[in-house]
**Q** 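Sharing a structure with you now.
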Amino acid sequence: MPLRLFNTLTGQLDTLVPMDGATLRMYACGPTVYDYGHIGNFRTFLQIDVLRRFLELTGMRIHHVMNITDVDDKIIRNAAEAGIPISEYTPRYVEAFFEDMDALRIERPEQIARATGHIPRMVELVQKLAAAGAAYRAEDGSWYFRLSAFPAYGKLSKKDLSGMEDGARVDVDEYEKDSARDFALWKAAKPGETAWDTPIGRGRPGWHIECSAMAMEYLGESFDLHAGGEDLMFPHHENEIAQSESVTHKQFARHWMHVRFLLVDGRKMSKSEGNFYTLRDLLLKGYKASAIRLALISVPYRHQLNFTFDGLMEATNAIERLRTFHQRLVKGAFAAGESPQIQEAAQRAQADYLAALGNDLNTAEARAPIFELIRSANTAIDQGEFLAGDRDAILAVLASFDAVFDVIEDHDAEPTRKALAWAEQAGRMAEVAPELVARQSLSDEAIDALVAERTLAKKQRNFARADQIRNELAEKGIVIEDAKDGVRWKRK
RNA sequence: GCACCGGUGGCGAAGUGGCUAACGCGCAGGUCUGCAAAACCUGUAUACGCGGGUUCGAUCCCCGCCCGGUGCUCCA
């Protein structure tokens, strides 16, 4: 199943094929590590994860490079406020970032590149641009890209800058540029700021140059796919193209993917709006990592997603249904054989599922055949028409669903445990939802003991005691199910 | 202001120029159960923002309008 993916550059669905015929080379803009990641960041990384996982499911080999921006204005400012060098400031946020990625089960890219580890490559690129006449040094020692040297500028974001007045909106501290639209490649050091001594002077890289330098270092002058959030399209990605192609005269990335922003309660998420959430915030409110993952990927990447707590509950309940069904298959006893209707339904579900994802990663459409299959399988089981071969066929479909969505298998305990440990250490226990604390208060062994006591009470027809135990457990988020083949319990 | 995107049942969200417009969640009733839970069945449902146009036929195409959102500046 090939992937037809919307390409910002061409404005249409293009089939994603590795240009070397073997491995898809892709670059995705990663985080700037000045704070904890918020759910908007993670929506982007999650959608890129969906892309990766779908390609892997179809058997494609991938080489995916992600950068970490560990030097920029905000980092310098925050580190200065904290009174520590940036090399001490950023590691904790790098670590937190990967912890959050793991919590959301986002696969690691094949390669992670830090900006501060690639300064010489960036300097080289600036030198090459200068040699090509596309870069110039301003009086203060900063280097700028000369926009007029790249006539194709605007081809990605479809902006026509020809009509823009030069000098209409020049920032006061950018008076040294030849043209207002020229952007910084290298920023001259200001007193006390982090800086590197290099052949092009003492300073630090501009924001855009790191991605050009690292992408070309690891993926070559031309590669298959470049992805990121929609906000990066302009100016960041446009500038990357200008810098890179001015040096190589080759197409930089062939295919560009942009993930739309999410809204929270119908508005853009921002700290001033009071609708700003990090992953940790949500985990401490008691939501499961899997529910957050599902909520953030269920709306296709090219659509705005309106994030709400109702949406998180919906995702929580949908996962519950998936997991309950999965357990029913795994634990159930079925007679040998296959029933043609179920086999056929499983095959059709698998085909529809893959087709939906192949159609520009339509995750919403992809869910439908899975849930349809679950309903018909449940019906067959209830009617005693479900056989062991049917189970195997459906488990295979669920496995390919989980290869991309990754929410059926339950990995939720660890992220919550880590978030609680972090809250304790960071002195933020006040933010933890009381239900979450209650839920953590019983060990599996204690629950097993209570469940056994209840089963005994039931056998003795002491229903008052049995219900009392069930209520006690329910208060701590433990749900009991009396099935034909025994008693099950699960944490809500 | 300029540009782009969206407005589908109670909520979220697919999709299509013509068959009963997916799927999920919620709610109600039923089956099962000591009672529940899970599961299934039924209902919720006269759901395609408004007004024109094209067409044999439009939710889907075109025009206008209203509403919401986003970008044009640091931002996933």
Side-chain angles (χ1 to χ4, degrees), chain A residues 11 28-32 34-35 37-48 69 72-74 77 154 157-161 163-164 169 171 207 227-236 258-263 266-271 294-296 298-308 310-325 327-328 332 352 356 359 362-383 457-459 461-464 466-467 470-471 474 478-484 487-490 492:
Chain A
C29 292
T32 301
Y34 66 97
D35 203 347
H38 56 70
I39 55 173
N41 296 320
F42 289 116
R43 149 118 134 145
T44 297
F45 299 129
L46 277 164
Q47 294 286 358
I48 292 170
T69 302
D72 90 320
D73 291 349
K74 277 186 200 134
R77 187 195 64 207
S157 54
K158 320 290 182 229
K159 285 184 194 302
D160 180 6
L161 299 184
M164 297 231 172
R169 288 173 57 181
D171 290 350
W207 172 35
E230 64 167 330
D231 57 308
L232 299 181
M233 189 167 87
F234 183 89
H236 182 55
H258 290 99
V259 180
R260 286 207 77 176
F261 267 153
L262 64 71
L263 307 177
R267 306 223 73 87
K268 184 170 171 176
M269 183 170 67
S270 75
K271 285 183 177 168
L294 187 64
L296 292 178
S298 287
V299 174
Y301 78 98
R302 275 213 295 150
H303 289 265
Q304 255 171 4
L305 157 69
N306 186 16
F307 181 87
T308 62
D310 282 351
L312 270 187
M313 278 318 297
E314 191 262 350
T316 303
N317 293 336
I319 289 171
E320 207 44 56
R321 181 167 169 80
L322 290 164
R323 288 181 181 170
T324 302
F325 174 69
Q327 283 303 305
R328 192 177 195 193
D352 290 349
N359 178 24
N362 192 335
T363 47
E365 193 183 349
R367 282 173 50 155
I370 303 301
F371 282 99
E372 277 170 31
L373 182 64
I374 289 175
R375 182 156 26 76
S376 46
N378 268 324
T379 304
I381 296 173
D382 282 356
Q383 293 173 350
K458 269 180 38 168
K459 206 169 270 176
R461 304 199 66 78
N462 182 358
F463 295 122
D467 290 353
R470 187 168 63 195
N471 290 340
I478 314 296
V479 181
I480 289 191
E481 294 175 12
D482 295 330
K484 279 194 197 118
V487 185
R488 284 193 298 268
W489 62 264
K490 61 192 177 191
K492 242 186 129 179

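Residue numbering restarts at 1 for every chain, and letters A, B, ... go by the order of the sequence lines. Only this structure's heavy atoms are used, side chains among them; waters, hydrogens and symmetry mates stay out.
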**Q** Base, sugar-phosphate, or nothing for Gly311(A), non-hydrogen atoms under 4.0 angstrom?
**A**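 Contact class for Gly311(A): none.
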**Q** Under 3.5 Å, is there an N or O donor on one side and an acceptor on the other linking the side chain of Lys158(A) and the base of C72(B)?
**A**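 Absent.
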**Q** How far, in whole Å, is C48(B) from A14(B) if one measures between their C1' atoms?
**A**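 Approximately 12 Å lies between the C1' atom of A14(B) and that of C48(B).
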**Q** With a 4.0 Å cut-off on N to O distance, would you call Glu320(A) and Lys492(A) a salt bridge?
**A**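 Looking at Glu320(A) and Lys492(A), the cut-off is not met.
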**Q** With 3.5 Å as the limit, what N/O pairs link the protein to nucleotides 1-9 of chain B?
**A**
{"residue": "C5(B)", "atom": "O2'", "partner": "Arg260(A)", "partner atom": "NH1", "Å": "2.9"}

**Q** Provide the closest heavy-atom pair for Val299(A) versus Gln304(A) in the form atom of the first, atom of the second, distance.
**A**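 The pair with the smallest heavy-atom distance is CG1-O, 3.8 Å.
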**Q** If you only use heavy atoms from C-beta on, which nucleotide in C75(B), C35(B), C40(B) is closest to the side chain of Trp207(A)?
**A**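 Closest nucleotide to the Trp207(A) side chain: C75(B).
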**Q** Would you mind classifying the nucleic acid contact of Asn362(A) as base, sugar-phosphate or nothing, using non-hydrogen atoms under 4.0 angstrom?
**A**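 Answer is sugar-phosphate: Asn362(A) comes under 4.0 Å of backbone atoms only.
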**Q** Strictly below 4.0 Å, N to O, side chains only: are Asp35(A) and Lys74(A) in salt-bridge contact?
**A**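 Salt bridge absent between Asp35(A) and Lys74(A).
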**Q** Counting side-chain heavy atoms from CB outward, which of A14(B), G24(B), U70(B) is closest to Glu314(A)?
**A**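 It is G24(B).
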**Q** Please evaluate the base of A36(B) for a donor-acceptor partner in the side chain of Arg470(A) within a cut-off of under 3.5 Å?
**A**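 In this structure, the two groups form a donor-acceptor pair.
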**Q** Please figure out whether Asp482(A) or Ser298(A) has its closest RNA chain B nucleotide nearer the 5' end.
**A**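 On the 5' side of the pair lies Ser298(A).
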**Q** Does the distance from a Lys or Arg side-chain N to an Asp or Glu carboxylate O, for Asp382(A) and Arg328(A), drop under 4.0 Å?
**A**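 Arg328(A) and Asp382(A): salt-bridged.
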**Q** Taking the C1' atom of each, how far is C72(B) from U54(B), in whole Å?
**A**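 About 35 Å, rounded to a whole number of Å.
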**Q** Could you tell me how far C11(B) sits from U44(B) if I compare only their C1' atoms? Round to whole Å.
**A**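 Roughly 13 Å separates the two C1' atoms.
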**Q** What nucleotide, of G24(B), C40(B), U70(B), holds the atom closest to the side chain of Glu230(A)?
**A**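 In terms of side-chain proximity for Glu230(A), the closest of G24(B), C40(B), U70(B) is U70(B).
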**Q** Please evaluate the base of G26(B) for a donor-acceptor partner in the side chain of Asp310(A) within a cut-off of under 3.5 Å?
**A**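 When only heavy-atom distances are counted, Asp310(A) does not reach the base of G26(B) through any donor-acceptor pair under 3.5 Å.
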**Q** Compare every heavy atom of Leu294(A) with every heavy atom of Ala318(A), then report the nearest pair and how far apart it is.
**A**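 Shortest heavy-atom contact: CB-CD2, 4.2 Å.
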